[in-house]
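Report on the structure given below.
Any value given below was found using the heavy atoms of this structure, including those in side chains, with hydrogens, waters and symmetry copies removed. Whatever order the structure lists them in is the order used to number ligands and atoms, beginning at 1.
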Amino acid sequence: MTTVLVLNGPNLNMLGVREPGVYGTMTLAEIEARLASLASEADVSIDFFQSNHEGALIDRIQAAYGQADGILINPGAYTHYSYALRDAIAGCGIPTVEVHMSNIHKREAFRHQSVIAPVAVGQIAGFGDKSYDLGFSALLDHIRRG
Ligand code: CA2
C-alpha cells in the first residue's frame, strides 16, 4: 500500500488558534483529518508528524527511509534557511512535495527563498489550507506515475 508522511514544522501547531488573518481558521488537526479522509478514499496509508524542533523533523524523515513512498511537508520558517532539513530530504530520496498556506513569494523578502524547493518534486503555495489537499494530490500523481 502506498504510504505518505505529512510533516509540519515550527508553529504550525498554532494554526487556527492565532493569526487567523494570515493562516485562516482551520486547525492543524482539522487539516490532518481532511487529508486522512482523502487518503482513505485513495487507499493510501498516511502518517502525521509536527514538531517545533529541526532535529525531530530530521529524525522523522530518516525513520521514513525505506518506509514512506512520499512526503508532504510544510517546513514552516525552516523553509527559508534549514540546510539540515534540505539534506535530510535529499538524503532519504523520498519524493517530497513542499506546501505553504500563504504565497511566500508575495510576502517579506526573506520568505521568497526556499532552500527546500530544489530538492522537492514541486512547491504549492498560497491556497490556504487547500494547499495541503493540492499537494497531496500532486504527490500521489507523482508517485503513481512512477
Ligand atoms: O505559509 C506557510 O505555510 C508558511 O510555511 C508558514 C510559516 C512561515 O514561517 C512560512 O514563511 C510560510 C509560519 C507558520 C506559523 O503559523 C502560525 C499559525 C498561527 C499562529 C502563529 C503562527
Side-chain angles (χ1 to χ4, degrees), residues 2-42 44-65 67-143:
T2 300
T3 299
V4 167
L5 172 63
V6 180
L7 292 176
N8 277 282
N11 295 307
L12 288 155
N13 54 317
M14 298 301 283
L15 284 178
V17 180
R18 296 201 55 239
E19 297 198 59
V22 186
Y23 298 115
T25 54
M26 264 211 150
T27 64
L28 185 56
E30 288 168 337
I31 290 170
E32 289 178 347
R34 210 177 51 210
L35 285 173
S37 120
L38 290 175
S40 143
E41 281 166 25
V44 166
S45 160
I46 193 160
D47 291 318
F48 301 99
F49 183 74
Q50 186 276 331
S51 180
N52 295 323
H53 303 277
E54 190 177 30
L57 292 164
I58 291 166
D59 287 346
R60 188 65 191 83
I61 291 166
Q62 290 182 2
Y65 176 73
Q67 306 291 323
D69 301 295
I71 295 175
L72 184 67
I73 187 169
N74 183 344
Y78 288 145
T79 303
H80 315 299
Y81 65 91
S82 178
Y83 298 121
L85 200 52
R86 171 196 171 125
D87 285 350
I89 291 168
C92 76
I94 301 170
T96 296
V97 169
E98 175 187 344
V99 298
H100 298 284
M101 313 258 297
S102 62
N103 181 351
I104 56 174
H105 304 287
K106 68 173 187 193
R107 297 186 63 194
E108 305 96 317
F110 77 88
R111 295 188 206 273
H112 297 176
Q113 192 201 7
S114 167
V115 300
I116 305 299
V119 298
V121 175
Q123 180 195 71
I124 291 168
F127 298 96
D129 51 272
K130 288 280 186 278
S131 290
Y132 287 89
D133 304 16
L134 294 167
F136 179 71
S137 159
L139 180 60
L140 272 198
D141 273 4
H142 178 83
I143 294 168

Show the distances, to 0.1 Å, for all pairs joining an N/O atom of ligand 1 and a protein N/O atom that are shorter than 3.5 Å, listing one pair per line.
from: ligand 1; atom 1: 1 (O); to: Met101; atom 2: N; distance (Å): 3.3
from: ligand 1; atom 1: 1 (O); to: Ser102; atom 2: N; distance (Å): 2.9
from: ligand 1; atom 1: 1 (O); to: Ser102; atom 2: OG; distance (Å): 2.6
from: ligand 1; atom 1: 3 (O); to: Asn74; atom 2: ND2; distance (Å): 2.9
from: ligand 1; atom 1: 3 (O); to: Met101; atom 2: N; distance (Å): 2.8
from: ligand 1; atom 1: 5 (O); to: Asn74; atom 2: OD1; distance (Å): 2.8
from: ligand 1; atom 1: 5 (O); to: His100; atom 2: ND1; distance (Å): 2.9
from: ligand 1; atom 1: 9 (O); to: Ala77; atom 2: N; distance (Å): 3.3
from: ligand 1; atom 1: 9 (O); to: Arg111; atom 2: NH1; distance (Å): 3.0
from: ligand 1; atom 1: 11 (O); to: His80; atom 2: NE2; distance (Å): 2.7
from: ligand 1; atom 1: 11 (O); to: Arg111; atom 2: NH1; distance (Å): 2.8

Side chains of residues 31-38: which donor-acceptor pairs under 3.5 Å do they make with residues two or more places apart or in other chains?
from: Arg34; atom 1: NE; to: Asp133; atom 2: OD1; distance (Å): 3.4
from: Arg34; atom 1: NE; to: Asp133; atom 2: OD2; distance (Å): 3.0
from: Arg34; atom 1: NH1; to: Asp129; atom 2: OD2; distance (Å): 3.1
from: Arg34; atom 1: NH2; to: Asp129; atom 2: O; distance (Å): 3.2
from: Arg34; atom 1: NH2; to: Asp129; atom 2: OD2; distance (Å): 3.1
from: Arg34; atom 1: NH2; to: Asp133; atom 2: OD1; distance (Å): 2.9
from: Arg34; atom 1: NH2; to: Asp133; atom 2: OD2; distance (Å): 3.3

Show me the donor-acceptor pairs, under 3.5 Å and distance only, between side chains in residues 52-65 and residues at least two apart or in other chains.
from: Asn52; atom 1: OD1; to: Asn11; atom 2: N; distance (Å): 2.9
from: Asn52; atom 1: OD1; to: Gln50; atom 2: NE2; distance (Å): 3.0
from: Glu54; atom 1: OE2; to: Ser82; atom 2: OG; distance (Å): 2.5

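Qualifying side-chain contact (heavy atoms from CB on, under 4.5 Å) partners for Ser45, counting only residues two or more places apart in sequence or in other chains: Met1, Thr3.
Side chain of Thr96 to main chain of Ile94: a donor-acceptor pair is present (N/O by atom type, distance under 3.5 Å, no hydrogens or angles).
Under the 30°/60° scheme for interplanar angles, the aromatic rings of His100 and His80 are found to lie parallel.
Here the straight-line distance linking atom OG1 of Thr79 with atom CG of Asn74 works out to 6.0 Å at 0.5 Å rounding.
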